Amino acid sequence: GQCHEPFRLGRLASPDLSRTVERLSRQEIEDGIRRGRGNMPSFGSIDQVSMNDLLDFLQSLNEQRESLAGARRDRATLPWWNYKKQAGAP
């Protein structure tokens, strides 16, 4: 399973990364993902296009928090695939 899920839906107590955009710059978030931090492993091999998609997704989740409030208890209703469609990815 995933460690970081929006609205803390995951089984682990990992922070909701969609909130990090409120306190860290885009570069700081990317650096944390690439280098790892604390118990989080590094993901330095993520290509830049995928990293940008991930950072855009976190920003989008943060911007849509209020409209996604009803999905907080059901991860299946979060717009995982809708986001990719909106971003123009296949």
Side-chain angles (χ1 to χ4, degrees):
Q2 298 81 8
C3 297
H4 301 276
E5 291 195 34
F7 310 112
R8 292 184 152 228
L9 290 172
R11 290 176 270 171
L12 303 174
S14 302
D16 176 350
L17 291 182
S18 70
R19 290 291 208 185
T20 60
V21 301
E22 297 172 359
R23 58 185 173 77
L24 298 176
S25 72
R26 189 175 175 97
Q27 187 61 55
E28 289 170 322
I29 296 168
E30 180 175 341
D31 290 346
I33 293 168
R34 290 199 183 281
R35 295 184 187 140
R37 183 175 162 191
N39 291 328
M40 181 178 152
S42 63
F43 292 92
S45 63
I46 295 176
D47 64 88
Q48 194 60 50
V49 170
S50 296
M51 178 63 74
N52 288 339
D53 285 346
L54 174 58
L55 296 171
D56 290 346
F57 180 67
L58 294 175
Q59 181 68 44
S60 176
L61 279 178
N62 184 268
E63 291 170 359
Q64 297 180 58
R65 288 188 84 73
E66 293 304 314
S67 64
L68 296 172
R72 290 182 186 191
R73 300 209 185 276
D74 181 9
R75 75 182 77 151
T77 62
L78 286 172
W80 307 110
W81 311 118
N82 289 343
Y83 176 78
K84 290 300 279 180
K85 223 187 260 186
Q86 291 169 357

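Excluded from the calculations below are hydrogen atoms, water molecules and symmetry mates; all remaining heavy atoms, backbone and side chain alike, are included. Worth saying up front: this structure is predicted, and the values here are computed from it rather than measured.
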Among residues two or more places apart or on two chains, list those pairs meeting salt bridge (charged side-chain N to carboxylate O under 4.0 Å, His left out) that have a residue in residues 34-44.
Glu30-Arg34
By side-chain contact (heavy atoms from CB on, under 4.5 Å), Leu24 pairs with (sequence neighbours left out) Thr20, Glu28, Ile29
For Met51 and Ile46, work out which heavy atoms get closest and say how close.
N-CG2, 3.6 Å
The reported gap from CG in Leu61 to CG in Asp56 (rounded to nearest 0.5 angstrom) is 11.5 Å
Residues forming a side chain to side chain donor-acceptor pair (under 3.5 Å) with Ser42, sequence neighbours excluded
none
Partner set under side chain to side chain donor-acceptor pair (under 3.5 Å) for Glu22, not counting sequence neighbours:
Arg19, Asn62
Considering residues at least two apart in sequence or located in another chain, which fulfil the side chain to side chain donor-acceptor pair (under 3.5 Å) criterion with Asn39?
none
What are the two closest non-hydrogen atoms of Arg26 and Asn52, and how far apart are they?
NH2-O, 3.5 Å
Enter the distance from Leu55:CG to Ser25:OG here, rounded to the nearest 0.5 Å.
10.0 Å
